[in-house]
Each structure stands twice: as structure tokens, then as C-alpha cells.
Amino acid sequence: MEQQIPYKIYLKETEMPTAWYNVRADMKNKPAPLLNPGTGKPMTAAELEGVFCEELVAQELNDTDRFIPIPEEIRSFYKMYRPSPLIRAYCLEEKLGTPAKIYYKFEGNNTSGSHKLNSAIAQAYYAKKQGLKGVTTETGAGQWGTALSMACSYFDLDCRVYMVKVSYEQKPFRREVMRTYGARVTPSPSDTTEIGRKILAEFPGTTGSLGCAISEAVEDAVTHEGYRYVLGSVLNQVLLHQSVIGLETKAALDQYGITPDIIIGCAGGGSNLGGLIAPFMGEKLRGEKEYRIIAVEPASCPSFTRGKFAYDFCDTGKVCPLAKMYTLGSGFIPAPNHAGGLRYHGMSSTLSQLYEDGYLEATTAVQTDVFQAAEQFARVEGILPAPESAHAIKVAIDEAMKCKETGEAKTIVFGLTGTGYFDMVAYERFHNGEMSDYIPTNEELEKSLAKLPQIN
Ligand SMILES: *Cc1c(COP(=O)(O)O)cnc(C)c1O
């Protein structure tokens, strides 16, 4: 008889992971190195340390150690809001009438409202340990900036956030949360940096993009003594920190002898997905288990499904190292989309390599379908999801409905990355029927991809 599975599986504090899992150690084809945009050669640790914190550079370049211990200070902070629950979506299953068993790992149970705090606290810790004064960063929708300001205030570090202008104006409450935690928030592009002034001169009236904000944040860091730049997604180190999500998920499932058939996550820069799937991908890479892993991206910003696997700039100002990734081109500015956290032009190099090698699938969802799924989920499971997370919900529901047709009782696990309380303007537009489903044309994408740097 099947052991009764509770609605929520919580690990005990003593069962929480003590080390992050580095999936790169198990990859035969490692993610391609970051390149120096000036020389075209792989970035050395010394070069990277001009921009990033030392310990984080070591993690970024570490392709060999399978486990990296989580420092005690970070584990203590994790204990304030972790373990996060793994929830069996009994109510949703019943509503859908599906034989599928659906689980979701909920990362929205902290003030920042998303998984981003898992990496923010680690990055702030290493900055403090290095004796820095502060860090700079960009934020799109505001989740990363919020998480980082919380982490910085905990370690008494200065935090300077460049927030994409359109979000700065549309999301005043996010901005105020950051200021509550002591961060300085600047709308980007701004006239406080050289690159910001250049972008403003070239594109007057622009509402900004993540790529612009990254350029400004990097410039701020490298021109101020005692500051380094930190990034909330895309980088290997961020996926490493986020592996805590997957490790907890796997430990919780193992306690009940559950093996997922399908694992689903939304993909912006790839950090929550990379973290959720990490230990499962490890088993897959070592040939121990087989899982279907699905990345879900917005149809308006389809890096995996319509982008190219190539070296590209990570930012609009082209000041950052080049990364080999699935990209739409660093000049690609996606149509306004209410899942701000999924609007980045590129994708994690680690996930890009895994996708290239056939270890994960990718699919897209249009906004109105995503919000419909979000609402359906909120009404039965109670949690009001972030629009980003709702991309995973949409595909989890689709897969569960396929099970209904075939009668298969598959086990589906998806990442519910955060809550959507700061996204009520988007929900309002959905309710009023004012939401559009813009999908970029091939011509638009070709135009942007034509400007990729020529590197083999
Ligand atoms: C930032 C964010 C994402 C997307 O970022 P990834 O790095 O792809 O995980 C997804 N969901 C929420 C709630 C976010 O804040």
C-alpha cells in the first residue's frame, strides 16, 4: 500500500543540505569558459576578481568539486526561512481530475518572495568575508534587488541597485522594500554612469533593459574602491547556490520513496531551474536514472527554443565577459512582458550546454495562458504565484492533463519560485482582458542574432 504522503513535506533542520552540489563536476562537456571581450581568451581568475568577489570567482571556475560546503553563517541564515516546503498538490490534482501526482517546491516563503535569497545571502557573505564595503547589481522586476538588499543588510554591506526604469516606475513598492533594507536604488539607464549616459543619448526615452542595468552596475563596481558586482542568475556560482532547492526536494522525495518522472521549471537566466534539477541531473549524467526535465520560457523571450548557442555579450554595454549560451542577442529587448524575471536575452552556460547535449527539453508559453494557469492554481492551492513561476504551473497542468487522457499516474515535480503580490498590475491587466501575447517575428530575431560577436 502506498504510504500516505502528507500535503507538505518539510525536512528537519538537521536534514538540510550542508554542501551545495556542483553539477558541472558530473558533466562530460563542461560549460564553455567566460571570455575576455578584449582578447577573446578565457577570463583568468585574476581578471574576474576585478569585477567579482574572490571566493565567488573560485566557485565560478570550479568544474571539478562535486560538493562545496555551505559555510555555517549561510546555513544559519537559511534556517530562518528554509527548508522550504515540498507540497503535494492534492487539491489541484482533484480539480483537474488527473491520475498524475503533482508536487511543487515553494520558494516564496521569505520576505523577498522568491528563491533569489538563496544566492543573495551566499554572495553577500563572501563579499563581507573579503572585507568589501559593498556590492552593486541590477534588478529587473525587483526580486533579485530585494533579496540582495535583505542579504546585505544582514551582513551590514552597502547595496547599490540599478533597477530597469520601467520596473522602477511601475513597481514602486518593490523599490520601497529595497530601500527599507537600506539599498540605494537608481532607475536605469541613469546619468550616473558613463554607459548609462551613452545609452540615453543613443536611445532617448528608453525604458531600459536588464542588459543596460548590468552595464551600469558593473561600471559602478569597477570604478569604486571596495565594491564588487554581483549577479542574481545566469552564472555558474548562482546555479551552485540554488542547488539547495534541488537537494532539499530530492531529500524530501527520498523520504517517501518517490521518484519523479517529469521535473519542470521556468527559465529566465536559469538559476531556479538549474538549482531544482541539479541532483536529478547529476543522476542522469552519471547514467543512474532517467528523468524528463522541461524548461519553460516566455514566448516573448525564447532563448532556448529560438535562440542560438553561441558566445555573446551578457550586457548591452558589452563590458562584461562573453558567455557561450543560448541567446537572442545582447541587443534583443523583449516586448513588455509581465514576467519580468524571465526577460533576459541569454541563458545559463551550464543549462545551455546540457540543453545542447540533449539532457533537457524546452518549451514556451504565452502570457495569457500563463496567467490563466496562475489563477487556476491560486484558486485551488491558495498560493498566489509570481508570473514567472506560473510558466512552470502552466506546463505542469498541461502534462497532468495528458496523464488524464492516457490514464498514466506520472509523478510531476515543478518549481514554484515565488509569490506574485507585487505583480497585481499584471493580474489586473489579465482580468481586464488587456494583456497581449506578443511573440517576436523571425525577422526581429534574425536582426538581433546577426549582431552576435564572431567567435568560434
Ligand atoms: C528571477 C525569477 C525567476 C527567473 O530567474 P531564474 O534565474 O531563471 O530562476 C523565476 N521566478 C521568480 C519568482 C524570480 O524572481
Side-chain angles (χ1 to χ4, degrees), residues 84 104-120 123 137-150 161 163-164 167 171 174 177-178 210 213-214 230-246 263-278 293-298 301-304 314 323 325-326 334 337-352 354-355 360 362 365 370 374 377 383-395 414-423 426:
S84 70
Y104 55 94
K105 180 72 167 163
F106 180 46
E107 291 291 321
N109 259 343
N110 68 73
T111 298
S112 76
S114 82
H115 65 289
K116 295 212 170 64
L117 193 55
N118 301 332
S119 182
Q123 298 196 41
T137 198
E138 76 295 330
T139 196
Q143 288 99 317
W144 167 245
T146 310
L148 188 69
S149 26
M150 287 178 72
V161 181
M163 185 171 188
V164 178
S167 305
K171 297 195 166 183
R174 272 271 177 223
V177 178
M178 288 184 252
L210 265 186
I214 296 175
V230 295
L231 182 60
S233 183
V234 184
L235 295 176
N236 296 331
Q237 54 185 277
V238 184
L239 268 73
L240 175 73
H241 305 148
Q242 295 296 356
S243 70
V244 68
I245 305 173
I263 306 170
I264 302 167
C266 62
S271 74
N272 86 83
L273 178 67
L276 173 68
I277 67 174
I293 296 175
I294 310 175
V296 191
E297 49 188 22
C301 194
S303 323
F304 269 142
C314 294
M325 57 187 175
Y326 274 86
N337 170 303
H338 291 291
L342 305 181
R343 294 185 70 219
Y344 188 60
H345 68 272
M347 184 59 69
S348 140
S349 291
T350 301
L351 288 189
S352 291
L354 290 167
Y355 181 66
L360 68 135
V370 164
F377 181 83
I383 296 171
L384 182 84
E388 291 87 351
S389 322
H391 285 71
I393 298 176
K394 157 83 176 92
V395 172
F414 73 89
L416 190 70
T417 50
T419 47
Y421 302 119
F422 289 105
D423 300 283

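Numbers for residues simply follow the sequence, beginning at 1. Counting starts at 1 for both ligands and their atoms, in listed order.
Scanning for ring pair (Phe, Tyr, Trp, His ring centres under 6.0 Å) contacts around Y104 gives F377, F414, with sequence neighbours left out. Contacts of Y344 classified as ring pair (Phe, Tyr, Trp, His ring centres under 6.0 Å), with partners at least two apart in sequence or in another chain: none. The salt bridge (Lys or Arg N to Asp or Glu O under 4.0 Å) search around E388 returns none, not counting sequence neighbours.
At a cut-off of 3.5 Å, with distance as the only test, a side-chain donor of T137 or W144 sits close to an acceptor on the other residue. A side-chain donor-acceptor contact under 3.5 Å links N236 and T350.
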Quick one: do R174 and S167 satisfy side chain to side chain donor-acceptor pair (under 3.5 Å)? Show the steps, please. CA-CA 9 Å; R174 272 271 177 223; S167 305; over 6 Å; no
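At a heavy-atom cutoff of 4.0 Å, ligand 1 is surrounded by S114, H115, K116, Q143, S233, C266, A267, G268, G269, G270, S271, N272, G341, L342, A386, E388, T417, G418.
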